[in-house]
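To start, the structure itself, in structure tokens.
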Amino acid sequence: NATVAFMLAEIYYQKRVLADAEKWAQISVNQDAKNKWFLELLAKIQTDAYKFKQAAESYQKLCDLDPKEIDHYINWANVLIKDKKVEEAIKVFDLAEQRLGISDETTGNKEYLFMVTGQSDKAVVELKRLIKEFPNSSKYSLRLAEHYKREKNLTEAERIYKDLLTKQPEIGNAHMGLYEIYFSNGKDKEAYYHLNEGLKDNKLAIDKKLELLISMIPEFSRDSVKGNVFLGWCKTVVETHPEESSAYAFYGDFLLNAGKLSEAREQYKKALEIDPADYKLWLQLCAVEESDANWNMLKELSEKGLELYPNQVLLYYYNSHAWFRLEDYKKSVRAANAGVSLARRDDEMLIGLYTILGDSYNELGDHKQSDANFDKVLEIDPNNRYVLNNYAYYLSLRGEKLELARKMSEKTLEIEPNEPSFLDTYGWVLFQMGDYNGALKVIEKAVSLDGESFEVLEHLGDVYYKLGDID
């Protein structure tokens, strides 16, 4: 029974027992050669078994049996291509075209095969036939223009793009094609005009637009005039794709790099309204608030972010930093310790969290924990200037481990000898060690570099007092 044989063939095919599957499929076809389902299964099995010659014969029979089904011709051609018989595959599409007419599936596939086999002249002929057959479709003209661009025939590519835009001014791909041509020829004004027009086409995928703009950032971020032009393009993308969070996020990224924190903040907020689950957006907005010293907002943002992402260490860092700046040191310690438990081998993150813990514990008067966390930072990064300076200064204020404080402070000056705060710390360590003349020399240098710091001036006054210069 042909049907039973077909069902057995299907069972063996699903189990990937191809030899038995082919045997039963062949039996079903032998008993009912005009059943397309039987033939189709046999062709699939033969293809999977790498019996391309037999599969091609089966697909040929299918095309004769069901001549209006384009998938049979495509499968037949694909089998021939796998068997390295590309010219025969092209003939299959010739046959399909005779039976079904000119189309993307018939003529378009011929064009593709001519192109990939280096027969570009024949490919152009097929594209021109498609353009003539479908004069209201732009895609074949665009494909032909792209071909001419690859062949460095920019004059012909430009002509095609311009002709398309005369008929349909909004075609983004044509504008983008002209942008590339003009840009490569140094015609920046014309290039940028067509780029902006191309960005206005909402049918053009936003990912393609952003990929292009990202590649241009190095050039346009170095110059303020070009930067403003670039911001205009970002704005165009946002206006063209108002429902895409990536448009606002990209705009925000460039604004942030340009130092326009307030404007960047607004774009990130709009992006989050569209996609509140985008972790990267939470981090970017936190970075804006941190850069702008907006500590209350950073606290609120990081807390909302942690509700969505409770295992993300960077959000704990932002939260602990916000609490530290808001002078709630117990909450700063709690958030930083939670972050440390997640940071594991992330040295950069651990340095940030241990530093906050060192400063926070110092403010709480827990000097043992403060010193321990600063020691952890220096184990990872022995030249960390911030920690070397703060650790030394805190020790000097307490009058403890002054020799260690002196060595750490000297190290900061080896790294950055003219930093006023480092000079002040070193001078104060020397003061605490009783070296008032040494302290005078160092702190006077700090004042000469930064005469507006009340703390440095106060230290200088203390040194004068100890040296008996009370005037």
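We use all heavy atoms of the structure for the numbers below, so side chains are in, but hydrogens, waters and symmetry mates are not.
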Is there a donor-acceptor contact under 3.5 Å from the side chain of Trp428 to the main chain of Val456? no
Keeping Thr47 on the side-chain end and Ala43 on the backbone end, is there a donor-acceptor pair under 3.5 Å? yes
Any donor-acceptor pair under 3.5 Å linking the side chain of Lys209 with the backbone of Asp201? yes
Hey, is CD on Glu239 packed in by over 12 heavy atoms from elsewhere, all under 6.0 Å? yes
Would you please classify the geometry between the Tyr192 ring and the Phe220 ring as parallel, tilted or perpendicular, with 30° and 60° separating the classes? perpendicular
Could you tell me the separation between the CG atom of Asp424 and the OH atom of Tyr393, rounded to the nearest 0.5 Å? 6.0 Å
Test your reading of the model: is there a side-chain donor-acceptor pair from Thr412 to the backbone of Ser409, 3.5 Å cut-off? yes
CA sep, side-chain torsions, deciding dist, call: Gln119, Thr117, side-chain hydrogen bond (donor to acceptor under 3.5 Å, both in side chains): CA-CA 6 Å; Gln119 302 178 72; Thr117 54; 3.0 Å; yes
Only one of Arg143, Lys122, His147 passes side chain to side chain donor-acceptor pair (under 3.5 Å) with Glu111; say which it is. Arg143
Donor-acceptor pair, side chain of Asp223 and main chain of Val225, under 3.5 angstrom: yes
Quick check for you: to the nearest 0.5 Å, what is the distance between His321 atom NE2 and Thr355 atom OG1? 10.5 Å
Evaluate His175 against Leu195 for side-chain contact (heavy atoms from CB on, under 4.5 Å), listing each step before the verdict. CA-CA 6 Å; His175 284 294; Leu195 173 58; over 6 Å; no
Using the salt bridge (charged side-chain N to carboxylate O under 4.0 Å, His left out) rule, take Asp163 and Lys167 through it: C-alpha gap first, then chi angles, then the decisive distance, then the call. CA-CA 7 Å; Asp163 184 56; Lys167 300 170 186 175; 3.3 Å; yes
Which is it for Glu444 and Tyr464 under the side-chain hydrogen bond (donor to acceptor under 3.5 Å, both in side chains) test, yes or no, and what are the steps along the way? CA-CA 11 Å; Glu444 281 185 335; Tyr464 285 148; 3.0 Å; yes
Lys/Arg N to Asp/Glu carboxylate O, Lys270 vs Glu273, below 4.0 Å: no
Is a side-chain donor or acceptor of Ser396 paired with a backbone partner of Val429 at a separation under 3.5 angstrom? no
State, without any angle test, whether Lys445 and Asn418 hold a side-chain donor-acceptor pair at a distance under 3.5 Å. yes
Determine, using ring centers only, whether His459 and Phe431 are less than 6.0 Å apart. no
Distance col, row Leu80:CG vs Lys82:NZ, nearest 0.5 angstrom, shows 11.0 Å
Check this for me: Gln168, atom CD, are more than 12 non-hydrogen atoms of other residues, nucleotides or ligands nearer than 6.0 Å? yes
Does the salt bridge (charged side-chain N to carboxylate O under 4.0 Å, His left out) test come out yes or no for Asp371 and Arg398, once each step is laid out? CA-CA 12 Å; Asp371 292 355; Arg398 286 151 41 194; 2.9 Å; yes
Charged N-O contact under 4.0 Å between Lys149 and Glu146: yes
Between Arg265 and Glu289, is there a side-chain N and carboxylate O pair less than 4.0 Å apart? yes
Would Lys304 and Glu307 pass as an ion pair if we require N to O under 4.0 Å? no
For Glu452, does the CD atom have more than 12 heavy-atom neighbours from other residues, nucleotides or ligands under 6.0 Å away? no
Glu69 side chain to Asp71 main-chain N or O, any donor-acceptor pair under 3.5 Å? yes
Let me confirm one number: the CG-SG distance from Leu281 to Cys286, rounded to the nearest 0.5 Å. 11.0 Å
Does any N or O in the side chain of Thr107 come within less than 3.5 Å of the main-chain N or O of Asp104, such that one atom is a donor and the other an acceptor? no
Between Leu357 and Gln369, is a side-chain contact (heavy atoms from CB on, under 4.5 Å) present by the stated rule, with each step listed? CA-CA 8 Å; Leu357 284 168; Gln369 284 292 342; over 6 Å; no
Ring centroid separation for Tyr182 and Tyr161, is it under 6.0 angstrom? no
Using a strict 4.0 Å threshold on nitrogen-to-oxygen distance, state whether Glu419 and Arg385 make a salt bridge. no
From Tyr391 OH over to Asn373 CG, what is the distance, rounded to the nearest 0.5 angstrom? 10.0 Å
Spatial distance of atom CG (Leu423) from atom CG (Asp450) [nearest 0.5 Å]: 10.5 Å
Do Asn109 and Tyr73 get their side chains close enough for a donor-acceptor pair, meaning under 3.5 Å? no
Verify whether the ring centers belonging to Tyr248 and Tyr268 lie closer than 6.0 Å. no
Within the distance-only criterion (no hydrogens, no angle test), does the side chain of Ser332 pair as donor or acceptor with the backbone N or O of Asp328 below 3.5 angstrom? no
For the backbone of Ser137 and the side chain of Ser141, can you confirm whether one donor and one acceptor N or O come within less than 3.5 Å of each other? no
Tell me, with the steps shown, if Asn196 and Tyr179 meet side-chain contact (heavy atoms from CB on, under 4.5 Å). CA-CA 9 Å; Asn196 193 61; Tyr179 157 73; over 6 Å; no
So for atom NZ, which belongs to Lys376, do other residues, nucleotides or ligands contribute more than 12 heavy atoms lying within a distance under 6.0 Å? yes
Give the intermediate values and the outcome of side-chain contact (heavy atoms from CB on, under 4.5 Å) for residues Tyr436 and Leu440. CA-CA 6 Å; Tyr436 304 124; Leu440 177 64; over 6 Å; no
As a quick check of understanding, evaluate ring pair (Phe, Tyr, Trp, His ring centres under 6.0 Å) for Phe324 and Tyr329, giving each step before the final call. CA-CA 5 Å; Phe324 177 79; Tyr329 304 115; 5.5 Å; yes
With a sphere of 6.0 Å drawn around OH of Tyr465, does it hold more than 12 non-hydrogen atoms of other residues, nucleotides or ligands? no
